[in-house]
Colleague: 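Dumping the structure here so I can ask a few things about it.
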Amino acid sequence: MYDMKALYEAKSVEDAVRLRLEHPEAQIIAGGTDVLVQMREGKRAGAELISIYGIDSLRGVSLDEEQNIRIGSLTSFSHITKDPIIQKYIKVLGEAVDTVGGPQIRNAGTIGGNTCNGVTSADSASTLFAWDAVIELTGQNGRRRLPIQDFYLGPGKVDIRPDEIQTAILISRESYENCVGHYIKYAMRNAMDIATTGCSVNVVLGASKKNLLRTRIAFGVAGPVPLRCPTAEKLVDGKRTTQATIDAFGQAVLEDIHPRDSWRASKDFREHIAVEMAKRCLVESIKLSGGAVL
């Protein structure tokens with residue numbers, strides 16, 4: 001069924017780094033929900049694989065001493081959705097990854113695999129961008145951390161060096177504290193489909209719940225990689241939560257997104273729904289934060 005040259009099973013992060021150096025052409029495999037499908041289709045015939053699925057230290061969600069959130073790269077989508085730390089501090093991430101595939105895929109698929117694929121349609125990506133996530137990579141010289149915006153280099157390309165594996169995704173306390181968000185995935189079907197466009201927004205409201213202290217928005221499938229919309233963010237920061245503010249926010253995303261025509265949807269359609277998704281995500285984020293549209 002699977003035409004592979006060899007399968008190497010890493011017992012630890014250090015072992016995975018060693019295997020990467022010894023077999024530079026080998027493909028890392030975690031849950032296998034993408035790689036094995038591609039192999040079955042004959043796209044990776046004769047490939048060498050390095051499985052990191054047995055490295056249990058890369059699973060789970062935790063808080064460090066400074067209350068920053070650490071998500072191990074082998075943490076499954078199902079685990080993330082149900083995890084109490086995610087539920088308490090960044091519930092929208094659990095909701096976003098709960099839109100991935102079906103239950104079997106969510107039980108096996110990992111957030112590390114979802115980000116390392118480098119695809120703009122990854123359901124976790126826009127929310128991680130909107131929450132200023134940091135990617136942790138471990139190689140022979142130790143750990144390297146970089147903002148998720150710098151991790152994505154182009155369609156299907158990410159900044160992983162030949163000796164590295166992704167070990168964690170980090171979200172700082174400053175990023176999530178007093179912050180609430182909402183994610184919308186638009187797809188042709190209600191289930192088991194790749195996003196036509198995905199939008200994630202989060203806000204921090206002022207004490208009166210009537211103004212936006214900080215707003216962040218990110219899209220998937222609005223460019224070659226997931227992206228933030230700094231024009232829209234700057235436009236509404238400090239503004240009151242009025243319908244005029246929300247409408248202006250939606251129109252402003254057009255300054256930063258770069259969707260393309262494809263068989264799934266035209267550029268014009270993606271721009272149209274991006275405006276509407278931005279507005280709906282902002283309204284819902286305001287409501288979830290205890291505010292209202294004035």
Side-chain angles (χ1 to χ4, degrees), residues 13 28-35 52-64 67-138 145 147-148 151-152 158 165-177 179-185 187 191-195 198-202 216 218-220 226 281 284-285 288:
V13 172
I28 292 286
I29 182 172
T33 55
D34 284 315
V35 172
I52 62 171
Y53 200 69
I55 308 176
D56 288 337
S57 63
L58 298 185
R59 288 186 171 85
V61 182
S62 60
L63 291 170
D64 66 16
Q67 299 297 291
N68 302 311
I69 297 173
R70 178 184 180 89
I71 306 171
S73 290
L74 288 184
T75 308
S76 71
F77 300 125
S78 296
H79 184 129
I80 290 169
T81 299
K82 298 173 184 177
D83 186 86
I85 293 173
I86 298 296
Q87 286 285 313
K88 181 175 181 179
Y89 295 115
I90 184 170
K91 188 176 181 180
V92 62
L93 179 60
E95 294 168 347
V97 300
D98 203 40
T99 67
V100 176
Q104 297 94 333
I105 296 294
R106 293 193 292 272
N107 286 340
T110 65
I111 195 164
N114 203 224
T115 50
C116 287
N117 274 341
V119 296
T120 185
S121 59
D123 288 301
S124 67
S126 54
T127 296
L128 293 173
F129 268 68
W131 291 74
D132 292 321
V134 172
I135 302 296
E136 180 187 275
L137 301 147
T138 302
R145 292 176 176 175
I148 194 167
F151 181 63
Y152 280 75
V158 292
I165 65 168
Q166 188 199 107
T167 46
I169 296 171
L170 312 170
I171 300 172
S172 71
R173 179 178 179 177
E174 180 183 11
S175 180
Y176 73 75
E177 196 166 42
C179 186
V180 180
H182 186 62
Y183 173 74
I184 295 176
K185 173 180 179 175
M192 299 287 286
D193 202 0
I194 295 172
C199 178
S200 190
V201 172
N202 60 69
R216 294 176 296 192
F219 281 96
C281 279
E284 190 63 23
S285 296
L288 290 169

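Count residues from 1 along the sequence.
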Colleague: Can you tell me how far CZ of R70 sits from CG of D64, rounded to the nearest 0.5 angstrom?
Modeller: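 Interatomic distance, D64 CG to R70 CZ, rounded to 0.5 Å: 9.0 Å.
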
Colleague: Let me see the working for L58 and I165 under side chain to side chain contact (heavy atoms under 4.5 Å, CB included), right down to the final yes or no.
Modeller: CA-CA 11 Å; L58 298 185; I165 65 168; 4.2 Å; yes

Colleague: Hey, which of I85, L170, I169 is the one that makes side-chain contact (heavy atoms from CB on, under 4.5 Å) with I69?
Modeller: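 It is I85; the other options fail the test.
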
Colleague: Please say whether the positively charged group of R145, taken as NZ for Lys or CZ for Arg, lies over the ring of F151, i.e. under 6.0 angstrom from the six-membered ring centre and within 45 degrees of the axis.
Modeller: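 Relative to the ring axis of F151, which defines the angle, R145 lies outside at least one limit.
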
Colleague: Can you name the side chain to side chain donor-acceptor pair (under 3.5 Å) partners of T120, sequence neighbours left out?
Modeller: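 None.
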
Colleague: Enumerate the residue pairs fulfilling salt bridge (Lys or Arg N to Asp or Glu O under 4.0 Å) with a member in residues 166-176, sequence neighbours excluded, ordered by first and then second residue.
Modeller: R173-E177

Colleague: State which residues pass side chain to side chain donor-acceptor pair (under 3.5 Å) with S175; sequence neighbours excluded, sorted by chain then number.
Modeller: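 Result, side chain to side chain donor-acceptor pair (under 3.5 Å) vs S175: R216.
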
Colleague: Could you tell me which residues satisfy salt bridge (charged side-chain N to carboxylate O under 4.0 Å, His left out) with E284, sequence neighbours excluded, listed by chain and number?
Modeller: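 With neighbours one apart ignored, the set is empty.
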
Colleague: So, do L74 and D56 sit near enough that their side-chain heavy atoms are less than 4.5 Å apart?
Modeller: no

Colleague: Taking atom types as modelled and ignoring hydrogens, do the side chains of S200 and T127 form a donor-acceptor contact shorter than 3.5 angstrom?
Modeller: yes

Colleague: Looking at residues at least two apart in the chain, or sitting in another chain, which of them share a side chain to side chain donor-acceptor pair (under 3.5 Å) with T81?
Modeller: none

Colleague: Would you sort out whether I171 and Y89 count as a side chain to side chain contact (heavy atoms under 4.5 Å, CB included), showing the intermediate values?
Modeller: CA-CA 10 Å; I171 300 172; Y89 295 115; over 6 Å; no

Colleague: Which pairs count as ring-ring contact (aromatic ring centres under 6.0 Å, His included) when at least one residue sits in residues 114-133, sequence neighbours excluded?
Modeller: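 Sorted result for residues 114-133: F129-Y152.
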
Colleague: Does the side chain of V134 reach to within under 4.5 Å of the side chain of E136, using non-hydrogen atoms?
Modeller: no

